[in-house]
Structures are given as structure tokens and as C-alpha cells.
Amino acid sequence: MTDGSVRILDGNTFVVSDDRGDIEATPTDTAGLFSFDTRFLSKWVLTVDGERLSALSTDDLSYFETRYFLVAGTGTVYVDAKLSVIRRRAVSEGFRETLEVLNHDDEPVDLTLRIEADADFADLFEVKDALKKKGAYTREAAPGRLRLGYVRDTYRRSTAISSLPKAKADEAGLSFPIHLRPHESWKAELEVVTEFAGLERLAKSSGRGRGRANMESELERWLDGAPKLHCDWEPLLTTYRRSLVDLAALRFSPLTAGRRSLPAAGLPWFMTMFGRDSIITSLQALPFTPELAATTLRELAIRQGTRTDDFRDEDPGRILHEMRYGEMTAFEERPHSPYYGNADATPLFVVLLDEYERWTGDRKLARELEPAARAALNWIDEYADLQGNGYISYQRRNEETGLENQCWKDSWDSISYRDGRLPGFPRATCELQGYAYDAKRRAARLARIVWNDPAFADELDRQAAALKRRFNRDFWVEDGKYFALALDAEGNQVDALASNNGHLLWSGIVDKSKAKAVVRHLLGPRLFSGWGVRTLAEGEARYNPIGYHVGTVWPFDCSFIAWGLRRYGFKDEAARIAAGILDAADFFEGRLPEAFGGYERFLTKYPVQYPTACSPQAWSTGAPLLLLRTMLGLEPVGEHLVVDPALPAGVGHLELLDIPGRWGRFDAFGRGLMSAERAPKLREQLGAAR
């Protein structure tokens, strides 16, 4: 990690430590052992005779397991250690840690190994905002055991620590007196278990507490079940495997889902269910792991809005934004139980349901979720049209803790006019209308072939056609030949040029006569950096190449833009965007971050890291998967999979074998125009030809 931290995770649980394996959390950082939005360890420090250790190396054995090689000393350049420690940690129900001490000397040694332990039980929102706790702490020490607890009314959390051999435990940690003969080694096993009062049974049923061997075999089954990739560009193979492994790591099991899982949004802040993020990642991963989409759809439908609740920004039919399980949510100090403050997850829910059925042929689930889909469509018409103009708009009703911007660009300054002014509310961003159009068209297909309601299908098609006509009139910026970022509360265009135009292509709402002009902008010098499409065009007043949504490049954004380009027949342009993003992935060792800098490629020769980007992050993990789909031109048509490849310059051949779907398993092949040996130079030229 760029910040020097080491992160291991298993869906609902993750650990962030330093490169020695130590945890020393400050009130506002994400070091610690977290599970279901609570920090169960804020301190976990290893010493030998009271002295901290120095790291020789750290091995990331898997996403859930890390090994640390340590020596006593100050960490100076010269190390002549007579004693070393191997520390091996695997995340499970908490984590299990093996400590091995090795005496390399010809003399015996007596020493004391100690683990200092503490837990602040901070809610993730408390970490973000540096808030103080309101409950009481407890500590119980017994031979070989230490229990750290927290109580606030009926809310109880505890961390149970045990060891074999049994340590001498006190309220601050565990100690082992050790005698080692020359060249002898000693081992201890420590187990840290997170405990939720009243939730133990549910936690166990959701798959927590799996052994390391089971986790390894589960990962192998996950990888074996995915399509096999072969190509002549080695970095793409690395990125593909990294994406599959990270997607496995980010699988989150809600307490209602049993062992089924959906994509959590990202580490460290968002290891939970997010409506938008889980839907988008499921769309990206459909050709590879369609079971994620099925769980996402079911779990979001279970929690679909049923009432009007201003505190949670809830409406009937609305799909949740974020679900949290921590203390502040339990006491309604935050509205995330769940919180519904987004305007895009609801139409995207319908989009995912249709795409899932098209890909898998699972009509049973499409019928089962028909009421949820109809409720979502009703939300678009009855609750999302805040201005009565037929467009989805948003304005938070929870003024204290609700989100201002309820689109995917949800930072405070992401929606602006050309001159940098911020519009008032409600705001109707352009991509929301595209999602609504796509949802209506897709629901019309489901109504005809699955729900057996042709009259409803005809009505949805009429609504979609009318929305498309209005949209192409009202959002089109005539003097720039692109679509406005939004309409403001007065119906005026918020006229900044942004990457949202690419999402419009993906949704299909753009008139064909306007598509070519939009594509020229997306691949033009103001938006395309050479690595990818910037979120906001260079030259706009708020443009900043390292601004969160005002100039950075987001891999997920680019993957949907590429998909949109394919929809309108711009195959070579889609391949060019794929090449830029996949080149960037190579610099990040196969793991694309949430976002990176929007600097010109010829200026930097490498993508500039964004300092606080989540990594791994679900929809960035899914971006290479969707880009593989777009490069191969994979599209389900009836019972068949159509393949129409267009590979980036320098990729000689590409094979994706055993693609799952309603056709069973299918192989796809693509061949490029030139050999991979020329790829590095060609990719450099792609960035420099400006």
C-alpha cells in the first residue's frame, strides 16, 4: 500500500496494520480489526523484552492471510540479529495469529514476548469524524484469555483473545516467558474473536469463523469457476487474476444472506452493502461470476423502501444507498439502517435484473422480483420527479447527515456550471435520465417475455420514447455539441462538460445523430488523458486533475464509457479507452484504485496516485472484467452469445474460455492486427499523440 499499511480482509472482516503487523490506531485512522462497521482491536503491538520489532519483509500470501518476518532492533541499515520472529495472520472470525520465535545464536536465551492489546470499539463514522464514545468499557483477564468489552444500553460488543500455550494475561495484554536453547524455535497460537451480543447465531450462519484451509479451498473453487483467460499481453493476465482475487475478497454476506454474498463497495471505509456500487460491480462481473448479481438483487429487494421517512431519505420502491451495522446507526445517530439517499440505484436495479435474465436465463428470479421491479419503476415516476418535469431529480430531506449529491459523483463540488458556480436543488443530473430510460426499456422486455403483461410493456416503451425525445432537446448544449451535466431547479442547463456523457451512450438515450459529437469529446484532449476519461473536462472552472470528481480518472467510469461506445458502434474508440485503463492497471500491479490523477499521459509516463483512494474497491476491481467484455464484444442474444472482438493496438490474441450463461459454457476469441512485442511502444505513442 502507498501509505505503508498492510490490509487483509474476508468480506465482513478486515485488518489494517503496519508492515510489522502492529496496530496502533489513532482516533481518525483506519488501523485496526474491523467487523460490521466496528473496530474490535485498536491496539495489537508485539514486543520482545519490551522492544518493538523491525520488519525484514512482508508476504501477502492471500487476500485473507499475511506473513511478517521481523527482527529485534531499531531498523537501521545494518542488521545482525540473533533472534527473529515470524508472524503469520489469517482473517476469519476476527483473526488467528501464529508467532514463531527463532534463536539463531549458539547460546541459550531467556526472553519475554508480549502482545499489548486494546479495543476502542469505534464505529466507522466515529473514526471518520473523531467522535467520542458514550458507553462503558470492560476488561476481564484469566490465564491464557483476555476479553475486552463495550456496553451502551442494550448495545454490546466484545473481543475475546485466547492463546496456546496459555499466556500470562492482564488487562493490557498477554505475556509469554520463553527459554530457547541454541538454534531452537518456539511457537504460540493466538485467536482474536469478534462477538456481537444477540448476533452470534446470525454471524455463524453467515459463514464467519471459517478455517484457513477452507478459505484457501474456497478461493481455488472461486478461481476455477471463472472463465480462463489467455492472451499475449502478460500484464492483462496479472490484472485479470488480481481482479478475480480482489472480487473474492470483497464479497460481503449480509446477515440475511446465509453463505451467499454480494460485492461490498471497498476497503477501508465501505466494507458493506451499497446499492449503487453493488449493482454496478455485479453488472461488470456478470460474464464471470453471475451469482453475485443474483444475491445483490435479492438482498436489495428485501430492503427496498416501503414508506416515506425523511430521516433515511426513504420512499416506497426506492433502493438503498448504504447499510451499516455500527453503534451510531443502532442509536439512530446516523440514518444508515439502511439509508436511501441516492437517485440512481433504483433504476439501476431494474437494469441489473434485466441484464441478469438476459445473461443467465433465470426467469424464476425475474418473476420473483417482479413486484420489486414494478415498485422501482413507480418510484421513478411518482417520487423521483421532484419538479414535475418528467426527470429524476434529487434533494436530500435529511439536512444534518444526508448526502447533498445523490448521484455517483457524490462529493460536494462535483456538479457545476462551466464557470464553476454550483447549482441549487433539486438537481437532475444527465446520467440519471439515461438510467431511467434504460430501466423502462429493459422492464418493457421483461414485461413481454417474463411477466406476461404486454400492455405494461407497450406503456413503458411509450414512456421511454417520450423521455428520450425530451432529454435530447433539454440537455443538449448546442454551442458545445454535448449533453449538459444537469438541469438546475429552474430547468436551466448546468453546462459543464463531464464524463457523464459516456454513461448516456451506455444507456442508449442519445440520439444517433448526436452520438458522434459526444464521442469526439470523450476521446478529445479535454476529457481523455491517455490513461482514461477525466470526470470533468480540462478547462472547466472547477477542473482539478487530483480533485475527487472534478478531473480524476475513475476506472469504473471508463469501463461503462467503453461499454457505451460499443453500444453505438464505436469499437476502436472503446478499445482505446480499454488500452489506457489496462495500461494504468499494470503500474498499479494489477489492482486499479478507486481513482487516479487526470494528468496528461505524456507528462507523467505513469498514472498519478490519488492519495485517499479506496483499494481494493469493488467497481474498480470489476472494471477490467467489463473491459474484457467490451474488447471481445460479448452480447447475449436470445439463447446465444455473440462475439464481436475489437482489440487494442498491440494485443495480438485474446481468448476467454468457459464463459457461463444461458448457453451453458462458451469460448470467445479475438485477434489483433499486430504482435504484442510492439505493444509497449505503441501504448506509449497512444498517450503521446496529442
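Heavy atoms only: backbone and side chains are in, while hydrogens, waters and symmetry mates are out.
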- Taking atom NE2 of His230 as the centre, does the number of heavy atoms from other residues, nucleotides or ligands within less than 6.0 Å exceed 12? yes
- Tell me yes or no: between the side chains of Glu540 and Ser416, is some donor less than 3.5 Å from an acceptor? no
- Query: What pairs with Asp586 under salt bridge (Lys or Arg N to Asp or Glu O under 4.0 Å), at least two apart in sequence or on another chain?
  - Reply: none
- Message: Please check this pair: side chain of Asp583 against backbone of Tyr606, looking for a donor-acceptor N/O pair closer than 3.5 Å.
- Response: no
- Task: Compare all side-chain heavy atoms of Arg442 with those of Leu353 and state whether any distance is below 4.5 angstrom.
- Result: no
- Message: Just to verify, which of Leu626, Ile659, Leu628 counts as forming a side-chain contact (heavy atoms from CB on, under 4.5 Å) with Phe288?
- Response: Leu628
- Query: Does the ring centre of Trp408 sit less than 6.0 Å away from the ring centre of Phe560?
  - Reply: no
- Whether over 12 other heavy atoms sit under 6.0 Å from Leu229 CG: yes
- Message: Between Arg441 and Asp354, does any NZ, NE, NH1 or NH2 come within less than 4.0 Å of an OD or OE carboxylate oxygen?
- Response: no
- Give the ring-plane orientation class for His503 versus Phe556, where under 30° counts as parallel, over 60° as perpendicular and anything between as tilted. perpendicular
- Query: Within the distance-only criterion (no hydrogens, no angle test), does the side chain of Arg534 pair as donor or acceptor with the backbone N or O of Pro545 below 3.5 angstrom?
  - Reply: no
- What side chain to side chain donor-acceptor pair (under 3.5 Å) pairs are there with at least one residue in residues 234-245, not counting sequence neighbours? Arg242-Asp246
- Query: Which side chain to side chain donor-acceptor pair (under 3.5 Å) pairs, counting each pair once, include a residue from residues 658-667, with sequence neighbours left out?
  - Reply: Glu639-Arg662
- Run the side chain to side chain contact (heavy atoms under 4.5 Å, CB included) check on Leu634 and Val643 step by step: do they pass? CA-CA 5 Å; Leu634 305 180; Val643 181; 3.8 Å; yes
- If you count the non-hydrogen atoms of other residues, nucleotides and ligands that lie under 6.0 Å from CD in Glu220, is the total more than 12? yes
Show me, pair by pair, the donor-acceptor contacts under 3.5 angstrom made by side chains of residues 358-365, not counting sequence neighbours?
unit_1, atom_1, unit_2, atom_2, d
Arg358, NH1, Glu355, OE1, 2.7
Arg358, NH1, Glu355, OE2, 3.4
Arg358, NH1, Glu635, OE2, 3.4
Arg358, NH2, Glu635, OE2, 3.0
Arg358, NH2, Pro636, O, 3.0
Trp359, NE1, Pro660, O, 2.7
Thr360, OG1, Tyr356, O, 2.7
Thr360, OG1, Asp362, N, 3.2
Asp362, OD1, Lys364, N, 3.4
Asp362, OD1, Leu365, N, 3.1
Asp362, OD2, Tyr356, OH, 2.8
Arg363, NE, Glu357, OE2, 3.4
Arg363, NH1, Ile449, O, 3.1

- Query: Is Thr630 close to Leu627 at the side-chain level, that is, under 4.5 Å between some pair of heavy atoms?
  - Reply: yes
- Task: Apply side chain to side chain contact (heavy atoms under 4.5 Å, CB included) to the pair Ser253 and Asn12, showing each step before the final yes or no.
- Result: CA-CA 7 Å; Ser253 297; Asn12 306 348; 4.1 Å; yes
- Query: Ser414: what forms a side-chain contact (heavy atoms from CB on, under 4.5 Å) with it, not counting sequence neighbours?
  - Reply: Asn405, Lys409, Ser411, His549
- Mind checking side-chain contact (heavy atoms from CB on, under 4.5 Å) for Ala515 and listing every partner two or more places apart, or none if nothing turns up? Leu505, Val510, Tyr568, Phe570
- Message: Is any side-chain heavy atom of Thr281 closer than 4.5 Å to one of Leu250?
- Response: no
- Task: Side-chain contact test, heavy atoms from C-beta onward, threshold under 4.5 Å: evaluate it for Arg251 versus Leu292 and give yes or no.
- Result: yes
- Query: Does any non-hydrogen side-chain atom of Val651 lie less than 4.5 Å from one of Asp232?
  - Reply: yes
- Item | pair Trp554-Val533: side-chain heavy atoms closer than 4.5 Å | no
- Using a 4.5 Å cut-off on heavy atoms from C-beta on, say whether the side chain of Leu348 contacts that of Ile319. no
- Item | Asp344 side-chain N/O to Cys407 backbone N/O, donor-acceptor pair under 3.5 Å | no
- Item | Pairwise side-chain contact, Leu237 with Cys231, heavy-atom cut-off 4.5 Å (strictly under) | yes
- Query: Would you call Glu573 and Arg520 a salt bridge, taking side-chain N to carboxylate O under 4.0 Å as the test?
  - Reply: no
- Query: Taking NZ, NE, NH1 and NH2 as the nitrogens, is one of them in Lys228 or Glu655 under 4.0 Å from a carboxylate oxygen of the other?
  - Reply: no
